[in-house]
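Taking it in order: structure first as structure tokens, then the write-up.
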Number of protein chains: 2
Amino acid sequence: MIGIEQRVAIFEGQLKQAGLRMTQQRRLILRILAEAHDHPDAKGIFTRAFEHDPTLSLSTVYRTMKLLESQGAIERHAFEDGVSRYEHADQQHHDHLIDVETGQVVEFSSPEIEALQAKIAAELGYEIVRHRLELYGRKLSKTGRKRVKKDV
Amino acid sequence: MIGIEQRVAIFEGQLKQAGLRMTQQRRLILRILAEAHDHPDAKGIFTRAFEHDPTLSLSTVYRTMKLLESQGAIERHAFEDGVSRYEHADQQHHDHLIDVETGQVVEFSSPEIEALQAKIAAELGYEIVRHRLELYGRKLSKTGRKRVKKDV
DNA sequence: AATGCAATTGCAAATGATTTGCATTATGCC
DNA sequence: GGCATAATGCAAATCATTTGCAATTGCATT
């Protein structure tokens, strides 16, 4: 988990290499994302950013998300509700468990499942390029659970 | 895999119980779905049905898909392109592997993965309500593969 | 610090999938 | 056959996202 300044600096370097520019709005959105501990959608990011810069437009958020995604700086997910949600990409790979009652998103990862996926794909004559695994669940009442990391 | 007539009859029974009616367009769409060996989207179903009944409207297709889904007669999937795709629901549970080059959809199922999912959810304090597992892959060149079931 | 030009932005309009309001039609019980 | 109302077709409405374009801004260069 690196800091905001480093993230901005890294991204600015990537931009420069591509002949692109670091703008106020990109800096702001990057900051919002770095501070986010959840999986906000474009409107959510826009709302948060808007408080710092009321001249920002939603189009710019969308364009920036697309740019960040193409640079590998963020990951985009589309859960069941259909809207795209984003999270920064400096963490290890993980999948998501969505609480069907609250919409809360819990992250998890399972090397065993990954291995099985690769095996299945190979048996079908494929190599996996990427995958999407989402569990939709309901909280168990009271017994033996172990919470890990939660957000919305 | 049951026949079309039986499917229509079953569905008509379900409709009757709900005070709903079996119409020409519902019958037609049901037939199209039963004959489909792929995962068509609303427009695709509409196109196929339109050849049999040019008065059919796309709205009716959407309304019918929603009805069929609520009756458990079909399953709806939204892969990465965002559009909803449908398949009849009389087969055993399975997940999907999508060929990133051709869009071809291969079905597979893995009890091992299902078991792991349940275990992971339980550890996080959840019971799984449903899940979504999609593998996006590229065909291996020539060696050891075993094709199973394919469609688009 | 001023200049120039392409990259970027904000805005509004366009898109594309899906839904919905409403007047018209058709289904299925009497 | 007649009726009440469920279902349809059409057009207009949504909703998330994208895009055209004129105005602005970043930044490399004087």
key: Identity of whatever pairs with D/dG9 - Watson-Crick or G-U, under 3.5 angstrom   = C/dC22
Closest listed nucleotide, where the reference is the side chain of A/Met22 and the choices are D/dC27, D/dT17, D/dA16 = D/dC27
note = Result for 5'-nearest mapping on DNA chain D, choosing between A/Asp41 and B/Thr55, is B/Thr55
Rounded to whole angstrom units, what separation is found between the [atom1] atom of [X] and the [atom2] atom of [N]?
{"X": "A/Asp81", "N": "C/dT19", "atom1": "CG", "atom2": "P", "result": "14 Å"}
{"X": "A/Leu15", "N": "C/dT8", "atom1": "CG", "atom2": "P", "result": "7 Å"}
{"X": "B/Leu28", "N": "D/dG9", "atom1": "CG", "atom2": "C1'", "result": "15 Å"}
{"X": "B/Phe50", "N": "D/dG9", "atom1": "CZ", "atom2": "C1'", "result": "12 Å"}
{"X": "B/Ile45", "N": "C/dA17", "atom1": "CD1", "atom2": "C1'", "result": "14 Å"}
{"X": "A/Leu56", "N": "D/dT24", "atom1": "CG", "atom2": "C1'", "result": "15 Å"}
{"X": "A/Arg85", "N": "D/dA16", "atom1": "CZ", "atom2": "P", "result": "11 Å"}
{"X": "A/Gln24", "N": "D/dG26", "atom1": "CD", "atom2": "P", "result": "6 Å"}

query = Considering only heavy atoms, which members of residues 63-78 of chain B lie under 4.0 Å from some atom of DNA chain C?
reply = B/Arg63, B/Lys66
Phosphate OP1/OP2 of [N]: any [X] side-chain N/O under 4.0 Å:
{"X": "A/Tyr62", "N": "D/dT17", "answer": "yes"}
{"X": "A/Thr23", "N": "C/dA7", "answer": "no"}
{"X": "B/Lys16", "N": "C/dG28", "answer": "no"}
{"X": "A/Arg26", "N": "D/dG26", "answer": "no"}
{"X": "B/Gln25", "N": "D/dG9", "answer": "yes"}
{"X": "B/Ser59", "N": "D/dC10", "answer": "no"}

ask   = D/dT5 base to B/Arg21 side chain: any donor-acceptor pair below 3.5 Å?
value = yes
key: Worked check of side-chain contact (heavy atoms from CB on, under 4.5 Å) between B/Phe108 and B/His94   = CA-CA 5 Å; B/Phe108 70 86; B/His94 59 257; over 6 Å; no
inquiry  = Quick check on A/Arg132: does its CZ atom have over 12 non-hydrogen neighbours (other residues, nucleotides or ligands) under 6.0 Å away?
reply    = yes
task = Any chance you could measure B/Leu56, atom CG, to B/Thr64, atom OG1, to the nearest 0.5 Å?
result = 7.5 Å
Spell out, as yes or no, whether a donor-acceptor pair under 3.5 Å connects the side chain of [X] to the backbone of [Y].
{"X": "A/Arg85", "Y": "A/His39", "answer": "yes"}
{"X": "B/Tyr136", "Y": "B/Glu80", "answer": "yes"}
{"X": "A/Thr47", "Y": "A/Lys43", "answer": "yes"}

query = Would a line drawn from the ring center of A/His88 to the ring center of A/His37 be shorter than 6.0 Å?
reply = no
Check: A/Tyr86 ring centroid to A/His77 ring centroid under 6.0 Å = no
inquiry  = On DNA chain C, compare the nucleotides closest to B/Leu20 and B/Ala42; which residue's is nearer the 5' end?
reply    = B/Ala42
note = On DNA chain C, more 5' by nearest nucleotide between B/Arg27 and B/Leu58 is B/Leu58
